[in-house]
Amino acid sequence: MSNSNRIFLSAPHMTGNEQTYIEKAFQSNWIAPLGPNVDQFEKDVADYINVKGSVAVSSGTAALHLALRLLDIRPGDRVFCSSFTFVATANPILYQGGVPVFIDSEPETWNMSPEALLTAFKEADKENMLPKAVVVVHLYGQSAKMDEIMTICNHYQVPVIEDSAESLGSLYKNKKSGSMGAFGIYSFNGNKIITTSGGGMLVSNDVKAIEKARFLATQARDKALHYQHSQIGYNYRMSNILAGMGIAQMKVIDERVSQKKAIFRRYCEQFEGMKGISFMPEADGTLHNRWLSTLTIDPGEYESSPEEIVLEMEKENIEARPLWKPLHLQPLFRNYRFYQHSEDYCICEGLYQSGICLPSGTGMSETDQQRVIRAFQSAVTLKVRKPMLRA
Ligand SMILES: *Cc1c(COP(=O)(O)O)cnc(C)c1O
């Protein structure tokens with residue numbers, strides 16, 4: 001199969017202006033990490049999100065790790081975390097020796113269930129083992145129910161980290177995703193809504209904490225002419241070249257959100273008449289950036305499983321994929337606790353078993369999207385209903 005007619009899930013989409021900023025870095029020989037592009041990119045993101053501080057790093061995972069370190073997560077400390085997400089959300093908890101406790105989703109946003117969160121808090125309180133942080137994910141660009149979640153976390157005085165890796169440009173009640181918790185993190189990995197090929201950002205209104213993050217991300221070098229270190233540090237900064245890409249990409253973030261939404265609308269229009277196909281909801285009071293267009297397929301109506309559909313579409317050289325496999329079902333996390341939304345039903349497991357992500361790259365042409373639509377329609381097969389037998 002040739003790569004030329006392949007349709008990717010979410011391919012990087014360049015503006016053409018990235019080269020200008022990269023060229024500047026070359027001309028001034030500012031190739032090393034740090035430099036004017038990094039400063040500019042940090043400022044651009046902070047201004048857009050409307051927060052006071054930001055630090056550009058090598059990945060979203062690194063940003064999450066720094067946030068946990070700043071909140072002083074130590075071996076044995078509990079951290080509550082969304083189960084329905086990519087593994088990068090929880091791995092940094094393990095880097096710190098922390099103990100993740102996974103929280104189910106609720107059906108309106110597919111994100112952290114405030115009900116399950118409250119149950120987890122009550123139990124932890126009884127055990128005298130409150131978590132030191134809560135990591136909330138805004139999956140596929142849909143904001144979690146932040147008011148409810150913040151009320152619970154504020155009551156227990158536990159700080160919130162927003163994993164906004166997939167939700168740059170999304171809004172919750174007119175607030176930018178990532179600006180509501182103690183810390184927010186973004187990813188600029190190649191498949192995200194904007195990209196620096198690889199990169200991330202940690203943001204906060206706590207300017208002191210951001211300064212500390214900057215210090216930790218550059219090997220925690222003390223203020224001394226000789227190289228002196230009194231804490232563990234990391235080499236996590238973003239390079240000045242990649243930050244140049246970020247500057248150009250940030251200029252089109254709102255345009256990218258509109259393009260993602262247009263892609264989503266076309267899928268909705270085309271699949272409107274299909275029984276048992278439900279798109280990920282857009283909750284009241286939120287703006288969903290539709291990073292990926294995702295839907296569930298009612299197993300009562302269709303023969304085909306998400307896996308079969310993904311494989312069928314692959315034959316057409318189209319990259320679709322199942323929804324994230326919940327972390328509490330991963331072998332890596334099998335020894336950790338999980339709190340369900342309701343006693344008899346696990347929401348995120350149900351979503352995982354019935355959902356798929358469709359190609360959503362903003363560089364995808366309408367003709368290509370038509371190809372995806374046709375491939376999807378022929379990949380799903382309706383259940384044959386057996387006629388009722390008469391005596
Ligand atoms: C992509 C992603 C990350 C990690 O970002 P990287 O830049 O790839 O390290 C974290 N959380 C979620 C939900 C993601 O989708």
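For reference, positions follow the sequence shown, starting with 1. Ligands are counted one by one from 1 in listed order, and the atoms in each one are counted from 1 as well. What you are looking at is a predicted structure, and each value in this text was computed from that prediction instead of being measured.
Listed by number with element, the atoms of ligand 1 under 4.0 Å from a non-hydrogen atom of G199 are 7 (O). Residue A88 has at least one heavy-atom neighbour below 4.0 Å for each of these atoms of ligand 1: 3 (C), 4 (C), 10 (C). Every atom of ligand 1 with a heavy atom of A165 under 4.0 Å away is listed here by number and element: 2 (C), 3 (C), 10 (C), 11 (N), 12 (C), 14 (C). Near T85, with a cut-off below 4.0 Å to any heavy atom, the atoms of ligand 1 are 13 (C). Under a 4.0 Å criterion applied to the non-hydrogen atoms of G60, ligand 1 contributes the atoms 5 (O), 6 (P), 7 (O), 9 (O). Proximity to T89 (heavy-atom distance under 4.0 Å) selects the following atoms of ligand 1: 11 (N), 13 (C).
With a 6.0 Å cutoff to the six-membered ring centre and a 45° limit on the axis angle, K176 counts as a cation-pi contact of Y48. Under the 6.0 Å distance and 45° angle rule, R6 counts as a cation-pi partner of F8.
Judged by distance alone, the side chain of E18 and the main-chain N or O of G16 form a donor-acceptor pair under 3.5 Å. Proximity of a side-chain donor or acceptor of S360 to a complementary backbone N or O of L292 within less than 3.5 Å is not detected. The main-chain N or O of L327 is found under 3.5 Å from a side-chain atom of S83 such that the two form a donor-acceptor pair.
Close N/O approach between D163 and ligand 1 is found [any backbone or side-chain N/O within under 3.5 Å].
In this structure, atom 15 (O) of ligand 1 lies nearest to the protein heavy atom E166 OE2, 2.5 Å. Nearest non-hydrogen protein atom to atom 2 (C) of ligand 1 is K192 NZ, 2.8 Å. Nearest non-hydrogen protein atom to atom 9 (O) of ligand 1 is T61 OG1, 2.5 Å.
Of the candidates S82, G198, S187, P92, S187 brings a heavy atom nearest to atom 7 (O) of ligand 1. For the residues I185, L139, N189, the heavy atom positioned nearest atom 8 (O) of ligand 1 is part of N189.
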With a 3.5 Å cut-off and sequence neighbours excluded, list the donor-acceptor pairs that the side chains of residues 89-102 form with protein atoms.
residue : atom : partner : partner atom : Å
T89     : OG1  : T85     : OG1          : 2.7
T89     : OG1  : F86     : O            : 3.2
T89     : OG1  : D163    : OD2          : 2.8
Q96     : OE1  : H65     : NE2          : 2.8
Q96     : NE2  : I73     : O            : 2.8

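At a threshold of 4.5 Å between non-hydrogen side-chain atoms, the residues F333 and F338 do not count as touching.
For the residue pair S113 / H341, a side-chain donor-acceptor distance below 3.5 Å is found, with atom types taken as modelled.
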